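Note that this is a predicted model, so its numbers are computed, not measured.
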Amino acid sequence: MKKTLFLGALAATTLAASGAFASTLDEVKARGTLNCGVTTGVPGFAEPDANGVWQGFDVAVCRAVAAAVLGDGNAVTFVPTTGKTRFTALASGEIDLLARNTTWTFSRDTDLKFEFVGVNYYDGQGFMVPKDLGVSSATELDGATVCIQTGTTTELNLADFFRSNNISYEPVPIETGSEAVQQYLAGACDVYTTDRSALAAQRANFETPDAHVLLPDVVSKEPLGPLVRHGDNEWGDIARWTLNALITAEELGVTSANLDAESGNPEVNRLLGREGDLGAMIGLDAEWAKRALAVGGNYGEIFASNIGSETPIGLARGLNAQWKDGGLLYSPPFR
């Protein structure tokens with residue numbers, strides 16, 4: 001009896017220490033909505049429109065997961081988070097999924113007890129300066145004041161870059177991207193540094209975008225992706241394979257417009273639930289991926305409509321092209 005009680009107590013202690021939660025899938029179903037953490041606002045990636053409806057590249061991941069699990073891409077409660085609050089919101093259970101520009105790092109994956117479910121944007125840290133500053137490289141920024149968000153990987157990257165180039169800078173700490181833009185445009189700092197995608201997105205909203213330049217220097221690897229808590233593998237699988245479904249669909253030519261078209265490709269049929277039992281393996285029905293794709297389309301459609309070359313953000317696919325097109329996007333097979 002004593003041994004049984006000891007083992008039971010040990011198991012409970014281990015479960016608590018691991019940060020494990022009750023089944024997130026069950027909680028989301030019972031609640032009827034997905035609580036999804038996003039940024040406080042980055043154009044093209046996550047930002048409410050004039051009617052308060054959240055739109056963007058990262059928002060599309062939230063909606064795809066909601067559609068897969070709940071059958072409704074609008075069954076999402078969006079929770080704006082800053083660089084400092086995002087991890088607390090996820091660890092505490094305030095949100096079920098964090099889908100904002102968050103870099104996958106060793107310590108976040110292990111020490112913070114989170115699980116990154118994939119990469120939805122391959123990025124790198126860059127620098128934006130006023131064109132009339134007259135610099136063409138970040139190595140010319142000796143003594144500059146630099147606006148930088150606290151609680152992000154950009155702080156260490158910035159320190160490493162200036163130290164390795166034997167130049168100095170004065171940090172101007174800010175909490176959110178919108179605050180950074182305000183301070184930068186007000187002249188409180190000479191330089192604004194963050195992920196290049198965010199710099200391009202924010203510059204697109206400037207009154208005179210051409211008066212500001214993104215320097216060519218890329219000083220880090222920033223694999224950005226959605227993440228969940230450790231301790232709930234089933235929920236992690238759902239988030240991971242929903243993202244993979246968006247990527248795989250583009251590779252296979254499955255779009256929001258041809259979801260009902262017949263196909264002789266076995267992987268297409270498995271993806272869309274016409275063959276096999278992949279949905280049952282993650283606690284969902286057969287058409288979970290089809291619903292996810294119906295919301296905003298495949299990865300390429302989501303990219304093009306939110307941040308692509310034909311949008312004001314104007315980002316090229318680059319590293320975010322499919323592997324067969326020279327990019328890094330590569331999903332494990334659906335089999």
Side-chain angles (χ1 to χ4, degrees), residues 39-45 81-87 100-108 111 119 121-225 307 312-316 318-320 328:
T39 69
T40 52
V42 175
F45 285 84
T81 64
T82 68
K84 281 188 173 181
T85 66
R86 54 185 165 174
F87 299 133
R100 50 160 290 159
N101 52 335
T102 300
T103 303
W104 189 348
T105 70
F106 182 98
S107 59
R108 290 172 176 177
D111 192 43
V119 177
Y121 195 91
Y122 290 94
D123 209 347
Q125 183 174 335
F127 302 88
M128 178 164 60
V129 299
K131 182 179 289 185
D132 60 14
L133 193 63
V135 300
S136 58
S137 169
T139 58
E140 301 171 27
L141 295 174
D142 191 17
T145 53
V146 184
C147 281
I148 183 168
Q149 284 191 59
T150 56
T152 66
T153 57
T154 57
E155 289 182 289
L156 180 58
N157 294 337
L158 181 68
D160 286 349
F161 175 78
F162 274 77
R163 181 180 177 185
S164 64
N165 284 280
N166 197 30
I167 54 178
S168 64
Y169 69 99
E170 180 182 342
V172 179
I174 45 88
E175 292 286 335
T176 67
S178 59
E179 182 187 350
V181 169
Q182 291 171 1
Q183 295 284 1
Y184 170 75
L185 291 177
C189 54
D190 303 311
V191 188
Y192 175 28
T193 183
T194 189
D195 299 335
R196 286 175 62 84
S197 62
L199 292 176
Q202 289 160 338
R203 184 180 64 169
N205 274 6
F206 289 1
E207 186 175 342
T208 54
D210 291 343
H212 305 268
V213 295
L214 267 63
L215 299 178
D217 312 77
V218 180
V219 300
S220 69
K221 295 184 296 183
E222 305 294 335
L224 310 178
I307 58 176
I313 312 302
L315 294 175
L319 295 178
N320 297 290
L328 297 179

(request) Supply the atom-to-atom distance Gln125 CD to Thr193 OG1, rounded to the nearest 0.5 angstrom. (result) 3.5 Å
(request) Could you verify whether a donor N or O on one side chain and an acceptor N or O on the other, from Tyr184 and Gln202, lie under 3.5 Å apart? (result) no
(request) Please report the shortest heavy-atom distance between Pro43 and Asn205, naming the atom on each side. (result) CG-ND2, 3.3 Å
(message) Do Leu141 and Asp190 make a side-chain contact, defined as non-hydrogen atoms from C-beta onward lying under 4.5 Å apart?
(response) no
(request) Give the minimum heavy-atom separation between Pro223 and Val119, together with the two atoms involved. (result) CB-CG2, 3.9 Å
(message) Testing the 3.5 Å rule here: is there a donor-acceptor pair between the side chains of Glu155 and Thr150?
(response) no
(request) Taking Arg203 for its side chain and Ala200 for its backbone only, find out whether a donor-acceptor pair lies under 3.5 Å. (result) no
(request) Measure across Gln183 and Cys147 and return the closest heavy-atom pair with its distance rounded to 0.1 Å. (result) CB-SG, 3.8 Å
(request) Could you tell me whether the side chain of Val42 reaches within less than 4.5 Å of the side chain of Arg100, counting heavy atoms only? (result) no
(message) Working note: Thr194 + Thr152, criterion side chain to side chain contact (heavy atoms under 4.5 Å, CB included); need CA distance, chi angles, decisive distance, verdict.
(response) CA-CA 9 Å; Thr194 189; Thr152 66; over 6 Å; no
(message) Applying side chain to side chain contact (heavy atoms under 4.5 Å, CB included) to Asn101 and Thr39, what does each step give before you reach the verdict?
(response) CA-CA 7 Å; Asn101 52 335; Thr39 69; 3.0 Å; yes
(message) Looking at every heavy atom in both Ala204 and Pro209, which two are closest together, and how far apart are they?
(response) O-CG, 4.2 Å
Expected list for residues 167-176: side-chain donor-acceptor pairs under 3.5 angstrom, two or more places apart:
from, atom 1, to, atom 2, distance (Å)
Ser168, OG, Asp142, OD1, 3.1
Thr176, OG1, Ser178, OG, 3.1
Thr176, OG1, Glu179, N, 3.1

(request) Report the C-alpha distance between Leu199 and His212 in whole Å, list the side-chain angles of each, state the deciding distance to 0.1 Å, and finish with yes or no for side chain to side chain contact (heavy atoms under 4.5 Å, CB included). (result) CA-CA 10 Å; Leu199 292 176; His212 305 268; over 6 Å; no
(message) When you compare the side chains of Thr154 and Gln149, does any donor N or O come within less than 3.5 Å of an acceptor on the partner?
(response) no
(request) Taking all heavy atoms of Ile307 and all of Gly44, pick out the closest pair and write down the distance. (result) CG2-O, 3.3 Å
(message) A side-chain contact here means heavy atoms from C-beta on lying under 4.5 Å apart; do Leu224 and Thr103 qualify?
(response) yes
(request) Looking only at non-hydrogen atoms, find the nearest pair between Tyr192 and Gly177 and report the distance. (result) OH-CA, 3.9 Å
(request) Would you confirm whether Arg196, through its side chain, and Leu215, through its main-chain N or O, come within 3.5 Å as a donor-acceptor pair? (result) yes
(message) Whether the side chain of Asp123 engages the backbone of Asp195 through a donor-acceptor N/O pair (distance < 3.5 Å, no angle test) should be reported.
(response) no
(request) Taking Ser137 for its side chain and Thr139 for its backbone only, find out whether a donor-acceptor pair lies under 3.5 Å. (result) yes
(request) Look only at the side chain of Ser164 and the backbone of Asp160, and say whether a donor-acceptor pair between them is shorter than 3.5 Å. (result) yes
(request) If the plane angle is over 60° it's perpendicular, under 30° parallel, otherwise tilted; pick one for Phe127 and Phe161. (result) tilted
